[in-house]
Amino acid sequence: MDFNDYLDANYDVEFVSGGNQIKLSGQCPFCGEDRSDLRLYVNAESGKGQCFHCGEGFGPISFVMAAEGCEFPQAKKILSDDEDDYVREKQQAPAPEVKFPFMEQITAFPGAMKYMNDRGIDARLIDYFKMTYCRQNLVMGDRTLYTKSRVIIPIHDILGRLVSWTGRDTTGRSKTKYLMPPGFQSADHLYHAWGIPNGPQYLIIVEGVFDVYGWWRAGITNVVATFGKKISEAQIKIIDSIMPERVFIAWDSDANWMKYEFIQKYGHHWPVRMIDLSGKDSDELSQGALIKALGTAKG
């Protein structure tokens, strides 16, 4: 069953706010409150909700886990027909170990390490994001992928499952800075979404993976990348599932009109502000400059 069917089967439901919200009558699975004026509301479309007695926010999976007293797999099975690919446990999950047989440790290649260090990326970031290095081209069937001299960056979905990778040229000679394997749909994922805890005070949206690293280097870690100056409805669903209190859009300055379009289209989901880095990439700026840009973001 989907989440709305689950609620209908277990609670007295009343649609309010023009049918956009569901008011539940019954016992809150988080605080146990069952008073007659229970203020337990669920968004009819996204499945996100909150008990206004205990303040607990939830998604479909976490609600079912609490209501049934079960673990994640059992709750997911109950909602087997629900579109819950974007739902995960409330706390941040560690990325799994990633081993590509054709990849090697970056630290073994001085040229690659110089490239990384020149961009302000140290061993700590390399280890956290599980980056590796490829010194030869990769042959897949009858196709050659020009992965030689590229840093290989694994891409995980919001549940921390490996879904693909991207390769960044370190030589400056390739016309293609970033390479992805054929068939991968980047619009279905947000880079580093798996590493953001649910309900953060802020979420920063950037273009590319190295933009994420620039903010991380400054100690600002609630950052995801859209793989370009665009965002899809699938990526919006991922952001909705994270439940940020506010969103900052930090695409490059040449995409300002797209930032305004983003605010107009999605500003009703969360408060949105635009960050202006004055034509610079985040890894080109100091921690102080990034914090200042964040503090002067415009709505």
Side-chain angles (χ1 to χ4, degrees), residues 85-86 93 95-106 109 111-113 115-116 118-121 125-196 203-216 223-239 242 249-252 254-255 258 262 281-283:
D85 287 342
Y86 303 112
E97 289 294 325
V98 175
K99 294 184 179 179
F100 297 107
F102 54 93
M103 307 306 172
E104 301 178 71
Q105 292 294 321
I106 297 176
F109 298 90
M113 277 305 296
Y115 173 83
M116 301 299 276
D118 286 347
R119 298 202 64 170
I121 299 172
L125 288 182
I126 291 172
D127 179 67
Y128 177 81
F129 289 101
K130 307 301 179 187
M131 291 179 270
T132 54
Y133 184 73
C134 192
R135 58 173 165 174
Q136 59 189 13
N137 291 329
L138 175 63
V139 178
M140 298 180 64
D142 59 354
R143 182 168 182 171
T144 299
L145 297 182
Y146 295 98
T147 52
K148 182 178 180 181
S149 302
R150 289 181 182 270
V151 170
I152 304 300
I153 301 161
I155 299 171
H156 301 90
D157 67 10
I158 194 169
L159 297 178
R161 300 173 298 199
L162 178 68
V163 292
S164 191
W165 51 267
T166 183
R168 179 57 164 93
D169 174 57
T170 62
T171 67
R173 297 190 296 269
S174 176
K175 293 181 179 179
T176 305
K177 290 183 178 181
Y178 289 95
L179 176 71
M180 288 184 176
F184 175 61
Q185 301 296 319
S186 61
D188 291 339
H189 302 279
L190 283 174
Y191 181 70
H192 190 237
W194 64 266
I196 312 297
L203 181 71
I204 300 175
I205 303 172
V206 299
E207 289 183 29
V209 296
F210 277 81
D211 295 319
V212 173
Y213 307 150
W215 287 97
W216 249 78
V223 188
V224 295
T226 53
F227 302 105
K229 304 180 189 69
K230 60 188 183 304
I231 198 159
S232 68
E233 290 303 317
Q235 291 169 330
I236 291 295
K237 285 185 177 181
I238 295 173
I239 299 172
I242 294 172
I249 183 80
W251 291 336
D252 290 350
D254 60 356
M258 298 184 74
F262 179 95
D281 290 332
S282 61
D283 60 344

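Throughout, residue positions are numbered sequentially from 1 according to the sequence presented. Keep in mind it's a predicted model, so treat the numbers as computed, not measured.
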List the steps and the verdict of side chain to side chain contact (heavy atoms under 4.5 Å, CB included) for Thr147 and Leu179.
CA-CA 8 Å; Thr147 52; Leu179 176 71; 3.7 Å; yes
Under the side chain to side chain contact (heavy atoms under 4.5 Å, CB included) rule, what do Ile126 and Met116 come out as? Steps first, then yes or no, please.
CA-CA 9 Å; Ile126 291 172; Met116 301 299 276; 4.1 Å; yes
Looking only at the side chains, is there a donor atom on one of Ser149 and Arg173 sitting less than 3.5 Å from an acceptor on the other?
no
Euclidean distance, Met113 CE relative to Gln105 CD, rounded to 0.5 Å
10.5 Å
Rounded to the nearest 0.5 Å, the CZ atom of Arg119 sits from the CG atom of Asp283 at a distance of 4.5 Å
Do the rings of Trp216 and His192 sit parallel, tilted or perpendicular, given the 30° and 60° boundaries?
perpendicular
Here the pair of heavy atoms bringing Ser282 nearest to Gly214 is OG-CA, 3.5 Å
Heavy-atom side-chain proximity of Val206 to Trp215 below 4.5 angstrom
yes
So, are Asp169 and Lys177 salt-bridged, with charged N and O less than 4.0 Å apart?
no
Hey, could you give me the CD1/OG distance between Ile153 and Ser164, rounded to the nearest 0.5 Å?
11.5 Å
Is there side-chain contact between Pro182 and Leu145, with heavy atoms separated by less than 4.5 Å?
yes
Leu138 and Thr144, any side-chain heavy atoms less than 4.5 Å apart:
no
Close side-chain approach of Ile155 and Leu162, heavy atoms under 4.5 Å
no
Backbone N/O of Gly208 and side chain of Asp211: donor-acceptor pair under 3.5 Å:
yes
Once you measure the plane-to-plane angle for Phe210 and Tyr178, does it fall in the parallel (<30°), tilted (30-60°) or perpendicular (>60°) bin?
tilted
Measuring only between side-chain heavy atoms, which start at C-beta, is Ile205 closer than 4.5 Å to Gln235?
no
For a 4.5 angstrom cut-off between non-hydrogen side-chain atoms, does Ile231 reach Phe262?
yes
Do Val151 and Ile106 have side-chain heavy atoms sitting under 4.5 Å apart?
yes
For the residue pair Phe109 and Tyr133, does the interplanar ring angle fall in the parallel (under 30°), tilted (30 to 60°) or perpendicular (over 60°) class?
tilted
Verdict with reasoning, Arg168 to Tyr115, per side chain to side chain contact (heavy atoms under 4.5 Å, CB included)
CA-CA 11 Å; Arg168 179 57 164 93; Tyr115 173 83; 3.2 Å; yes
Would you say Trp251 and Thr226 are linked by a side-chain donor-acceptor pair, where the criterion is simply a distance under 3.5 Å?
yes
Exam field: side chain Arg150 to backbone Tyr146, donor-acceptor pair closer than 3.5 Å:
yes
If only atom types and distance count, is the side chain of Asn137 paired as donor or acceptor with the main-chain N or O of Lys148 below 3.5 Å?
yes
Could you tell me whether the side chain of Glu207 and the main chain of Asp252 form a donor-acceptor pair under 3.5 Å?
yes
Go through it in stages, so that I can follow the logic: the residues are Phe227 and His189, the test is ring pair (Phe, Tyr, Trp, His ring centres under 6.0 Å), and I'd like the CA-CA distance, side-chain angles, deciding distance and then a yes or no.
CA-CA 9 Å; Phe227 302 105; His189 302 279; 8.0 Å; no
Output the distance between atom CD1 (Ile238) and atom CG (Leu190), rounded to the nearest 0.5 Å.
4.5 Å
Taking it one step at a time, do Trp165 and Ile152 satisfy side chain to side chain contact (heavy atoms under 4.5 Å, CB included)?
CA-CA 7 Å; Trp165 51 267; Ile152 304 300; 4.0 Å; yes
